[in-house]
Each structure stands twice: as C-alpha cells, then as structure tokens.
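Shown next, in structure tokens, is the structure this report addresses.
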Amino acid sequence: MYEHFTVGDTDNLDPGAIPATSDRVGTFTYPAPQAPEDNHYFLFVHGWRMQPWERRAFAETAYKRMWHLGYKGRFGLFSWPTEFIDNPLQFGENFYRSERKAWLSARGLLHRLNILNDTYPERIRVMAHSMGSVVTGEALRLETVASPNTHLLRAYASSQAAIAAHTYD
C-alpha cells in the first residue's frame, strides 16, 4: 500500500556502484491523484544499520501510525544501501562506510524527488531518520546548487539526525 524507491536495497553494495537515479521496488504504484488528500506525498528515508526487511518494517509502522492519525495521502519509502553488522561496536568502520554511502545516495533521492514533484508539486513532505538525514540533507543541498529558486519539499523533518545541526545553517 506504499511505494518503495531505492538506489540499492541491500547492505553490501560497493559505494562506486550507487546510481545517481533511483528505481522502483515492486510493482505497486499510486493511480493519478483524484481526491484532495491524494495530492500529498510523504516520503520516509531510513537510517543507519538496517537490513532490507527492517527498512520496510520501519516504513510500514510509520505509514500505519500516520493513517491512524488521519493522514490519507500518499506514502513512500526511499531506501539506500546502509551496511549492517550485528554489533557496530565491534566494527567501527561500518558507520563510516555507511555514512559515505549516505552522501552518495543523495543524487538518487534528488532524482526521485524531482519525479515526485511533477505529480505532487510543492506537496512533498520528507521524514528522515538518523543517517537518512545525511541522504536528505545532501539531496537538498544539491537541489539548491542546481536550482536556487526551486523548492521540492513542503516540509522536512529530520528525526534523530546523525549529522550536526549547523549543517543546515
């Protein structure tokens, strides 16, 4: 019941293989907007150290909670190839490799936001969790560099961001 887009729905993709465009996962796609509530799009960007099934579970939980609170718009998940390890304290490089992948995944997110903006102009809301804020923040920076007077998002919530707040100054 939601769309899923990715630049690598895995936990072992080489950073050099992260594409600048995103692909759709599965076949579910929303029909053209018919009702006013169909004109709103909420995109969730997951955080660090999540296996593919966990990314979907987080998105499904977010979508269900929003639905129960009255949200009737469209919902999507943007996944990127964060690495996974059972105990990150045993392997500190895991965080740094995943962070590099987060920065590199931003172009794919920007690609998807531009596509979504064609259908939902200025009605896209993004919530990024943890290192997903690196992906989203860099995508927004790239958007600003490419088109300083364009605004793809109506709102952006960075939840437990794994990035310094002054990055957004």
Side-chain angles (χ1 to χ4, degrees), residues 2-26 28-30 39-52 54-56 58-60 62-63 66 71 73-84 94-169:
Y2 66 90
E3 295 177 311
H4 181 181
F5 310 103
T6 190
V7 290
D9 193 35
T10 179
D11 59 3
N12 61 3
L13 185 66
D14 182 77
I18 297 173
T21 59
S22 61
D23 293 323
R24 180 180 299 277
V25 176
F28 179 80
T29 184
Y30 286 109
N39 286 318
H40 297 277
Y41 203 96
F42 188 95
L43 187 66
F44 173 70
V45 183
H46 69 82
W48 171 56
R49 210 174 72 81
M50 299 187 85
Q51 295 181 43
E54 290 176 295
R55 301 167 196 175
R56 289 169 178 79
F58 265 60
E60 290 164 9
Y63 185 40
M66 290 175 60
Y71 179 76
R74 309 302 174 73
F75 186 91
L77 164 64
F78 180 84
S79 64
W80 56 279
T82 181
E83 294 187 8
F84 180 82
N94 178 271
F95 181 89
Y96 300 110
R97 282 195 313 272
S98 290
E99 184 180 35
R100 180 170 180 228
K101 292 177 180 184
W103 289 102
L104 294 171
S105 296
R107 289 193 187 282
L109 176 57
L110 180 57
H111 165 257
R112 183 53 52 185
L113 291 173
N114 279 312
I115 291 171
L116 290 171
N117 194 52
D118 289 342
T119 305
Y120 310 96
E122 299 181 17
R123 291 185 301 273
I124 303 167
R125 293 161 176 85
V126 173
M127 180 180 77
H129 176 254
S130 183
M131 204 177 283
S133 297
V134 173
V135 179
T136 307
E138 176 65 0
L140 295 176
R141 187 193 70 78
L142 292 170
E143 173 207 7
T144 302
V145 169
S147 305
N149 297 320
T150 302
H151 300 287
L152 293 174
L153 304 184
R154 179 166 186 103
Y156 168 44
S158 181
S159 173
Q160 299 174 318
I163 191 164
H166 71 81
T167 301
Y168 295 101
D169 289 349

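Residue indices begin at 1 and follow the sequence shown.
For the pair His129/Trp48, no side-chain contact is recorded, criterion being any heavy-atom separation below 4.5 Å from C-beta on. Side-chain contact between Ile124 and Leu113: present, with at least one pair of heavy atoms (C-beta onward) separated by less than 4.5 Å.
Thr10 meets the side-chain hydrogen bond (donor to acceptor under 3.5 Å, both in side chains) test with Asn12; sequence neighbours excluded. Under the side-chain hydrogen bond (donor to acceptor under 3.5 Å, both in side chains) criterion, Ser130 pairs with no residue at all, not counting sequence neighbours. For Arg141, the side chain to side chain contact (heavy atoms under 4.5 Å, CB included) test picks out Glu138, Val145, with sequence neighbours left out. Listed by chain and residue number, nothing satisfies the side-chain hydrogen bond (donor to acceptor under 3.5 Å, both in side chains) test with Glu99 (two or more places apart in sequence, or in another chain). With sequence neighbours excluded, the residues that form a side chain to side chain contact (heavy atoms under 4.5 Å, CB included) with Arg107 are Ala20, Leu142.
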(message) Go through it in stages, so that I can follow the logic: the residues are Tyr41 and Tyr30, the test is side-chain contact (heavy atoms from CB on, under 4.5 Å), and I'd like the CA-CA distance, side-chain angles, deciding distance and then a yes or no.
(response) CA-CA 11 Å; Tyr41 203 96; Tyr30 286 109; 4.3 Å; yes

(message) Between Glu54 and Phe84, does the side-chain contact (heavy atoms from CB on, under 4.5 Å) criterion hold? Intermediate values first, please.
(response) CA-CA 11 Å; Glu54 290 176 295; Phe84 180 82; 3.9 Å; yes

(request) Could you please spell out the steps behind the side-chain contact (heavy atoms from CB on, under 4.5 Å) verdict for Thr136 and Leu43? (result) CA-CA 11 Å; Thr136 307; Leu43 187 66; over 6 Å; no

(request) Decide yes or no on side-chain contact (heavy atoms from CB on, under 4.5 Å) for Ser133 and Tyr156, but give the supporting numbers first. (result) CA-CA 10 Å; Ser133 297; Tyr156 168 44; 3.6 Å; yes

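Residues Phe78 and Phe5 place their aromatic rings such that the two centres sit no closer than 6.0 Å.
Interatomic distance, Leu110 CG to Ser105 OG, rounded to the nearest 0.5 Å: 12.5 Å. One finds the CG atom of Leu153 at 6.5 Å from the CD atom of Glu143 (value rounded to the nearest 0.5 Å). Atoms OG and NE2, from Ser22 and His4 in turn, are 10.0 Å apart once rounded to the nearest 0.5 Å. Atom CZ in Arg154 sits 14.0 Å away from atom CZ in Phe42 (nearest 0.5 Å). If you take CG on Leu77 and OG1 on Thr6, they are separated by 8.0 Å, rounding to the nearest 0.5 Å. Between the CZ atom of Arg125 and the OH atom of Tyr71 there is a distance of 7.0 Å, given to the nearest 0.5 Å.
A side-chain donor-acceptor contact under 3.5 Å links Thr82 to the backbone of Arg49.
Using cut-offs of 30° and 60° for the angle between ring planes, the Trp80 and His46 rings count as parallel.
Within a 6.0 Å radius of CZ in Phe58, no more than 12 heavy atoms belonging to other residues, nucleotides or ligands are found.
Residue pairs that meet the salt bridge (charged side-chain N to carboxylate O under 4.0 Å, His left out) test with at least one member in residues 8-26, sequence neighbours left out, are Glu3-Arg24, Asp9-Arg55, Asp9-Arg56.
Between Glu83 and the options Lys101, Arg100, Gln51, Met50, a side-chain contact (heavy atoms from CB on, under 4.5 Å) holds for only Lys101.
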